[in-house]
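Notes follow once the structure below has been shown.
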There are 2 protein chains.
Amino acid sequence: MQLTVATEYAVRCVLHLAGATAGAVVARREIAQARAIPAPFLAKLAQRLAHAGLIRIQAGARGGYALCQPASQITLLAVVEAADGELVLQPCAAKPQACPRSPACPAHRVWAKARRQLRATLAHVTFDQLAAQEKPPTRTRKSAWTS
Amino acid sequence: MQLTVATEYAVRCVLHLAGATAGAVVARREIAQARAIPAPFLAKLAQRLAHAGLIRIQAGARGGYALCQPASQITLLAVVEAADGELVLQPCAAKPQACPRSPACPAHRVWAKARRQLRATLAHVTFDQLAAQEKPPTRTRKSAWTS
DNA sequence: CCATATCGGACTAAAATGGTCCGATATTAG
DNA sequence: CTAATATCGGACCATTTTAGTCCGATATGG
């Protein structure tokens with residue numbers, strides 16, 4: 001019952017992008033170095049984030065990663081689920097036969113509730129908030145997110 | 001990010017004991033059969049539960065397991081943590097250096113909050129509630145609830 | 001065209017998980 | 001006391017997941 005380091009890395013990565021000039025492409029290597037993420041692993045991870053529509057990947061010379069949306073619209077939940085897969089507590093989620101047989105396990109509704117709570121909590125934290133917390137001294141010099 | 005089947009089994013096991021006559025010793029085999037738990041695995045699991053002070057193990061002939069406390073005092077959280085270890089979300093929980101270096105990761109307070117919520121939710125569900133929910137449909141023939 | 005830099009998939013190593021086995025020990029029945 | 005029962009508790013094993021690497025293919029900028 002733990003989030004994986006992939007999640008941790010994903011958060012760091014998006015956090016880094018959220019701190020960069022809006023929409024700017026940042027090289028993989030730069031992110032990896034700045035945030036202590038093994039570069040090849042970040043590559044793999046980035047694909048999951050891209051697949052989820054969170055970041056845009058630019059291949060080729062001067063390539064790298066950039067956010068697809070303003071940081072204010074990217075939730076922690078979205079990043080967590082992009083990295084780790086859907087957030088599910090129930091151990092028997094995949095198995096339809098659920099608990100033994102007869103009694104619809106009474107714990108299930110508790111799992112479901114806990115899951116809803118957890119997802120809600122993560123869903124209403126956005127990366128502009130996180131980025132702001134991370135760099136209190138830096139006065140947003142040119143955060144012209146003109147839209 | 002999922003609870004393990006060990007957790008699922010543990011819940012089933014305690015649920016079974018909660019449904020039995022209060023304080024009665026139930027044979028491992030009986031629990032295993034009734035709740036579809038591999039018996040040898042239940043043995044291992046039971047030790048964790050016993051170590052956590054949730055159940056009492058009686059060795060020898062006519063041995064088995066029994067609750068140490070009334071079901072009303074056993075929370076879902078206690079069982080989950082006994083089976084799975086402490087409930088921690090932070091990927092970098094064990095690592096003191098936390099996030100890279102400088103910026104105390106702003107996500108951490110979110111993980112912490114989510115964790116508190118989750119634990120609170122599980123902590124205020126007790127096994128007498130769960131057992132009660134389980135029983136109404138299941139007319140256990142010998143449910144001598146004579147206490 | 002060429003250097004750069006990512007894609008994306010195959011691959012490996014290590015850890016966690018789920019599960020089994022068995023000798024030792026405890027308890028009860030006779 | 002002894003035999004039968006039944007768990008302990010730790011070693012052991014198989015599978016899956018996780019973390020991480022490597023490399024040929026492909027895309028891009030200059």
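Throughout, protein chains are lettered first and strands after them, A, B, ... in sequence-line order, and every chain is numbered starting at 1.
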Please check if the side chain of [X] supplies one atom and the backbone of [Y] the other of a donor-acceptor pair under 3.5 Å.
| X | Y | value |
| --- | --- | --- |
| B/Arg48 | B/Ala82 | no |
| B/Thr21 | B/Ala24 | no |
| A/Gln69 | A/Gly53 | yes |
| B/Arg12 | B/Arg35 | yes |
| B/Thr7 | B/Leu3 | no |
| A/Glu81 | A/Glu86 | no |

How would you label the contact of B/Ala46 with the nucleic acid (heavy atoms, under 4.0 Å): base, sugar-phosphate, or nothing? nothing
In whole Å, what is the span from the [atom1] atom of [X] to the [atom2] atom of [N]?
| X | N | atom1 | atom2 | value |
| --- | --- | --- | --- | --- |
| A/Arg48 | C/dG9 | CZ | P | 13 Å |
| A/His51 | C/dC7 | NE2 | C1' | 14 Å |
| A/Phe41 | D/dC22 | CZ | P | 15 Å |
| A/Met1 | C/dA16 | CE | P | 17 Å |
| B/Leu49 | D/dG9 | CG | P | 13 Å |
| B/Arg56 | D/dC8 | CZ | P | 12 Å |
| A/Ile31 | C/dT6 | CD1 | P | 9 Å |
| B/Ile37 | C/dT20 | CD1 | C1' | 16 Å |

Below 4.0 angstrom from OP1 or OP2 of [N], is there any side-chain N or O of [X]?
| X | N | result |
| --- | --- | --- |
| A/Tyr65 | C/dC7 | yes |
| A/Thr4 | D/dA19 | yes |
| A/Tyr9 | D/dG20 | yes |
| A/Gln2 | D/dT18 | no |
| B/Arg29 | D/dA6 | yes |

Nearest-neighbour nucleotide for the [X] side chain, [options] considered:
| X | options | result |
| --- | --- | --- |
| A/Ile57 | C/dT6, C/dT28, D/dG20 | C/dT6 |
| B/Lys44 | C/dG8, D/dT21, C/dG19 | C/dG19 |
| B/Pro38 | C/dT20, C/dG18, D/dT28 | C/dT20 |
| A/Arg28 | C/dC7, C/dG19, D/dT7 | C/dC7 |
| A/Arg62 | C/dA3, C/dT27, D/dG30 | D/dG30 |
| B/Ala61 | D/dT7, D/dT21, C/dT28 | C/dT28 |

Between B/Thr7 and A/Gly60, who's closer to the 5' end of DNA chain C by nearest nucleotide? A/Gly60
